[in-house]
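Below you'll find the structure, written out as structure tokens, and then a few comments.
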Amino acid sequence: MEKVKISFNLNYEDVTVEIDPNKRLIDMLREDFKLTSVKEGCSEGECGACTVIVDSKAVTSCIMLAPQVQGSSVITLEGLSKNGELDKLQRAFIDAGAVQCGFCTPGMILSAKALFMKNPNPAREEIKKAMSGNICRCTGYKKIIDAVEIARDK
């Protein structure tokens, strides 16, 4: 199969890559760019572990083809910290003890970041709704929702 060349903005840097046209976004991010914060959970777009932000919207990268990001902006967890400083959401997850096992955390944080891009001051119910596409198998969502509220209030 002939490869396709795509160009997009990844974590605030312009990039170009040649890939198989049937390659999923999660595979391109993990294999071609070594961005391992993007986790593969259910592979059906249901658990949210693979969530990334594409053009300010939270998307599940396991059900999106990589060529679909041509000309777009893609943000992974690696793109949130700047100059060694954590994003306020990353800091709030740590402070609230919301990291738990950590597998779902990148997707949770990116879902919250996409919510903040749309609404910087969401109510608790809006936060719960925004996080509803992310499944946590550890202890529950209270600390996660608390962390997003902490970040909102900073």
Side-chain angles (χ1 to χ4, degrees), residues 1-94 98-120 122 126-141 143-145 147-148 151:
M1 184 174 294
E2 190 171 322
K3 293 189 178 225
V4 296
K5 183 187 279 189
I6 62 169
S7 297
F8 61 102
N9 186 284
L10 177 60
N11 293 332
Y12 307 100
E13 291 185 22
D14 293 331
V15 297
T16 299
V17 64
E18 285 192 39
I19 55 168
D20 181 321
N22 294 322
K23 194 168 201 171
R24 299 178 308 163
L25 179 56
I26 186 174
D27 297 326
M28 178 184 74
L29 293 171
R30 289 184 61 86
E31 296 167 8
D32 297 277
F33 294 99
K34 309 302 181 208
L35 298 172
T36 55
S37 71
V38 187
K39 305 290 189 227
E40 179 135 27
C42 68
S43 305
E44 297 177 351
E46 295 294 328
C47 74
C50 67
T51 299
V52 298
I53 298 173
V54 176
D55 294 335
S56 303
K57 293 181 182 172
V59 302
T60 48
S61 62
C62 71
I63 58 169
M64 184 174 198
L65 291 175
Q68 290 178 277
V69 300
Q70 166 65 33
S72 295
S73 169
V74 177
I75 301 171
T76 68
L77 192 70
E78 289 87 347
L80 293 191
S81 60
K82 292 190 176 55
N83 301 323
E85 298 242 353
L86 297 177
D87 181 90
K88 67 180 182 179
L89 273 163
Q90 293 170 304
R91 173 57 48 208
F93 268 65
I94 293 168
V99 174
Q100 302 169 146
C101 86
F103 187 80
C104 69
T105 302
M108 294 278 187
I109 290 173
L110 289 170
S111 289
K113 186 72 174 180
L115 172 64
F116 284 176
M117 290 174 154
K118 187 171 73 177
N119 178 5
E126 292 171 290
I127 294 169
K128 286 180 179 178
K129 184 177 179 184
M131 307 304 284
S132 66
N134 297 79
I135 296 173
C136 172
R137 301 276 187 220
C138 291
T139 60
Y141 298 89
K143 289 181 180 180
I144 292 167
I145 303 301
V148 178

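Along the sequence shown, the residues carry numbers beginning at 1. Heavy-atom basis, side chains included; hydrogens, waters and symmetry copies ignored.
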Take a 6.0 Å sphere around NZ of K82 and say whether it holds more than 12 heavy atoms from other residues, nucleotides or ligands.
yes
Using a 4.5 Å cut-off on heavy atoms from C-beta on, say whether the side chain of E2 contacts that of V4.
no
Crowded around K143 NZ? As in, over 12 foreign heavy atoms under 6.0 Å?
no
Check whether more than 12 heavy atoms from other residues, nucleotides or ligands sit under 6.0 Å from atom CD of E18, and answer yes or no.
yes
Please examine the side chains of N134 and C104, heavy atoms only from C-beta on, and report whether any two atoms are closer than 4.5 Å.
no
Shortest non-hydrogen contact between A58 and A114, atoms and distance
N-CB, 3.6 Å
Can you name the closest pair of heavy atoms from A151 and F116 and give their distance?
CB-CE1, 3.9 Å
List the steps and the verdict of side chain to side chain contact (heavy atoms under 4.5 Å, CB included) for L110 and L80.
CA-CA 9 Å; L110 289 170; L80 293 191; 4.1 Å; yes
Heavy-atom closest contact (C50 atom, I26 atom, distance)
CB-CD1, 3.7 Å
Which pairs pass salt bridge (charged side-chain N to carboxylate O under 4.0 Å, His left out) with one or both residues in residues 37-65, sequence neighbours excluded?
R24-E40
Walk me through it: do L115 and K129 pass the test side chain to side chain contact (heavy atoms under 4.5 Å, CB included)?
CA-CA 10 Å; L115 172 64; K129 184 177 179 184; over 6 Å; no
For V15, which residues count as a side chain to side chain contact (heavy atoms under 4.5 Å, CB included) partner, sequence neighbours excluded?
F8, L10, F33
Heavy atoms, side chains only, cut-off 4.5 Å: are D87 and K113 in contact?
yes
4.5 Å side-chain heavy-atom contact, M64 and V52
no
Test item: E78 side-chain N/O and T36 main-chain N/O as donor-acceptor pair under 3.5 Å:
yes
Decide side chain to side chain contact (heavy atoms under 4.5 Å, CB included) for D32 and K23; before the verdict, give the C-alpha distance in whole Å, the side-chain angles of both, and the deciding distance to 0.1 Å.
CA-CA 11 Å; D32 297 277; K23 194 168 201 171; 2.7 Å; yes
Dump the intermediate steps for side chain to side chain contact (heavy atoms under 4.5 Å, CB included) on L25 and Q68, then the final yes or no.
CA-CA 8 Å; L25 179 56; Q68 290 178 277; over 6 Å; no
List the steps, then state whether side-chain hydrogen bond (donor to acceptor under 3.5 Å, both in side chains) holds for D14 with S7.
CA-CA 7 Å; D14 293 331; S7 297; over 6 Å; no
